[in-house]
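Chain identifiers are assigned alphabetically (A, B, ...) following the order of the sequence lines, protein sequences preceding nucleic acid strands; residue numbering begins at 1 within each chain. Just so it is clear, the values below take in all heavy atoms, side chains as well, and ignore hydrogens, waters and symmetry mates.
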2 protein chains.
Amino acid sequence: MDILISNSGGTPIYDQITRQMKGLILRGELAEGEALPSMRLLAKELRISVITTKRAYEELEREGFITTVPGKGCFVAPRNLELVREETLRRAEEHLSQAVEIARTGGVTLSELIETLQLLYGEDEHE
Amino acid sequence: MDILISNSGGTPIYDQITRQMKGLILRGELAEGEALPSMRLLAKELRISVITTKRAYEELEREGFITTVPGKGCFVAPRNLELVREETLRRAEEHLSQAVEIARTGGVTLSELIETLQLLYGEDEHE
DNA sequence: CATACTGTATATACTTGACATATACAGTAA
DNA sequence: TTACTGTATATGTCAAGTATATACAGTATG
């Protein structure tokens, strides 16, 4: 399993795992139904605690990327893109909501928000 | 000065002050150029520390609502709505940016974001 | 059943950031 | 000088986030 962890980057370990796993799944390098490395194995490889890998996997499950079966393992979920998108939208919505609250109390119009959103979405920066 | 502080509401003191001051200014109850209560006076009235009132006033200045003159006091800034709006937009932009980052990695389209934004903006809930 | 895997739950430690403070400093003005 | 103004520093408290060890529970197979 090709997961790389950097301790000197600020981003938490569990998050690094989650992101990279998402990438593997979305790029098809982990096929539908395929088993992920067990929490213990991955923890051993990365020299971290099981609890941390668990947390990463929990996040993946919450977002619909994997299904986890106690006693058996974690498996790549059937590619339910619609569900993943909805989950993502829900998370994005929280941020949009905050933006809206700020905007309304400061006289920023909806069109301005939309305009800004379009600019941001168009940009190619990912980090 | 009619500022009310609730210790049992979760929202920090400095934030309560900032919000209420904004309200007073936007509603014109504090006129342009008028002096705000001094940090010390307000602190005494509210039975809190000067540092806390300072923090509240700093936020107000950062957002362009007041100007503060060391040794003299804090004064309602000339109504520069344009500037206030730009500042607000800048703050909102941070949240929009996060929403976009999430959205892009999960296959959520720009139009979906915009749609959600419109819904949120239309709603009448403020808290 | 025994063994060796899976994931899960609990209680704990560490670190960081947010919030609020007291106290000492510096500018302004009568 | 006195009495106001805002400012800076160093400190204290608390909650949240991150990661952990250890003990528990389900699954499968010889």
Side-chain angles (χ1 to χ4, degrees), chain A residues 1 3-21 30 33-77 91 94-95 98, chain B residues 1 3-21 30 33-77 91 94-95 98:
Chain A
M1 186 55 36
I3 298 286
L4 297 179
I5 296 301
S6 156
N7 290 326
S8 58
T11 52
I13 299 177
Y14 78 93
D15 198 39
Q16 297 184 43
I17 298 175
T18 307
R19 286 172 190 267
Q20 294 182 43
M21 283 294 181
L30 273 175
E34 189 171 346
L36 273 64
S38 82
M39 293 178 179
R40 273 187 178 73
L41 183 62
L42 185 60
K44 197 169 187 179
E45 274 186 5
L46 301 180
R47 289 140 162 275
I48 59 177
S49 161
V50 188
I51 293 109
T52 304
T53 56
K54 174 171 173 52
R55 178 160 182 185
Y57 281 20
E58 277 175 341
E59 180 66 19
L60 287 173
E61 179 162 40
R62 206 175 312 134
E63 297 184 30
F65 285 91
I66 68 175
T67 63
T68 151
V69 186
K72 298 197 68 176
C74 295
F75 306 89
V76 177
R91 285 193 304 139
E94 292 170 16
H95 293 284
Q98 291 186 60
Chain B
M1 185 53 38
I3 298 285
L4 297 179
I5 297 300
S6 155
N7 290 326
S8 58
T11 52
I13 300 176
Y14 78 93
D15 198 38
Q16 297 184 45
I17 299 175
T18 306
R19 287 172 189 267
Q20 293 183 44
M21 283 292 181
L30 272 174
E34 189 170 347
L36 273 65
S38 81
M39 293 177 179
R40 273 188 180 71
L41 183 62
L42 185 59
K44 197 169 187 178
E45 274 186 6
L46 301 180
R47 290 142 163 274
I48 59 177
S49 162
V50 189
I51 293 109
T52 305
T53 55
K54 175 171 173 52
R55 178 160 185 186
Y57 281 20
E58 277 175 341
E59 180 66 18
L60 287 172
E61 180 162 40
R62 205 174 313 134
E63 297 184 30
F65 285 91
I66 68 175
T67 62
T68 153
V69 185
K72 298 196 69 176
C74 297
F75 306 89
V76 177
R91 285 192 304 138
E94 292 170 15
H95 293 284
Q98 290 185 60

A.B. asks: State which of C/dA29, D/dC24, D/dA19 makes the closest approach to the side chain of A/Pro12.
C.D. replies: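 The nucleotide sitting nearest to the side chain is D/dA19.
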A.B. asks: Quick one: which of D/dT20, C/dG7, D/dG6 gets closest to the side chain of B/Thr68?
C.D. replies: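 Closest of the options to the side chain of B/Thr68: D/dG6.
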A.B. asks: Between B/Lys54 and D/dG6, is there a contact of a side-chain N or O with OP1 or OP2 at under 4.0 Å?
C.D. replies: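 So the side chain of B/Lys54 is outside the cut-off, no N or O lying under 4.0 Å from OP1 or OP2 of D/dG6.
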A.B. asks: Is the shortest side-chain N to carboxylate O distance from B/Glu58 to B/Arg55 below 4.0 Å?
C.D. replies: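 Salt bridge between B/Glu58 and B/Arg55, a charged N being under 4.0 Å from a carboxylate O: no.
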A.B. asks: Expressed in angstrom and rounded to an integer, what is the separation of B/Ile13 atom CD1 from C/dA20 atom P?
C.D. replies: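 Between P of C/dA20 and CD1 of B/Ile13: 4 Å.
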A.B. asks: A/Ile48 CD1 to C/dC14 P: how many Å, rounded?
C.D. replies: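 After rounding, the gap between these two atoms is 20 Å.
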A.B. asks: Would you mind telling me which of C/dT8, C/dG7, C/dT21 lies closest to the side-chain atoms of A/Arg40?
C.D. replies: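 Taking heavy atoms from C-beta onward, the closest nucleotide is C/dG7.
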A.B. asks: Rounded off to whole Å, could you give me the CD1-to-C1' distance for the B/Ile51 and C/dA20 pair?
C.D. replies: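 Checked: the CD1 to C1' distance equals 8 Å.
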A.B. asks: Touch check for A/Tyr14, heavy atoms < 4.0 angstrom, all strands: base, sugar-phosphate only, or nothing?
C.D. replies: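 It contacts sugar-phosphate atoms only.
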A.B. asks: Using the side-chain contact (heavy atoms from CB on, under 4.5 Å) criterion, which residues pair with B/Ala43? Sequence neighbours excluded.
C.D. replies: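 Partners of B/Ala43 by the side-chain contact (heavy atoms from CB on, under 4.5 Å) criterion, ordered by chain and then number, come out as B/Ile48, B/Val50, B/Thr53.
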A.B. asks: Where the side chain of B/Lys72 is defined as all heavy atoms beyond and including C-beta, which of D/dG6, C/dA20, C/dA29 is the nearest nucleotide?
C.D. replies: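 Nearest to the side chain of B/Lys72 among the choices is C/dA29.
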A.B. asks: Is B/Phe65 close to B/Val76 at the side-chain level, that is, under 4.5 Å between some pair of heavy atoms?
C.D. replies: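 The answer is no, as the side chains (C-beta and beyond) never meet within the 4.5 Å cut-off.
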A.B. asks: Are A/Pro37 and A/Met21 side-chain neighbours, meaning at least one heavy-atom pair lies under 4.5 Å?
C.D. replies: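 Contact flag for A/Pro37/A/Met21 side chains = yes.
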A.B. asks: Select one nucleotide: of D/dT20, D/dG6, C/dG7, the one nearest the side-chain heavy atoms of A/Ser38.
C.D. replies: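 The answer is C/dG7.
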A.B. asks: Looking only at the side chain of A/Arg55 (C-beta and beyond, no hydrogens), which of the listed nucleotides D/dT18, C/dG7, D/dG6 gets closest?
C.D. replies: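 Selected nucleotide: D/dT18.
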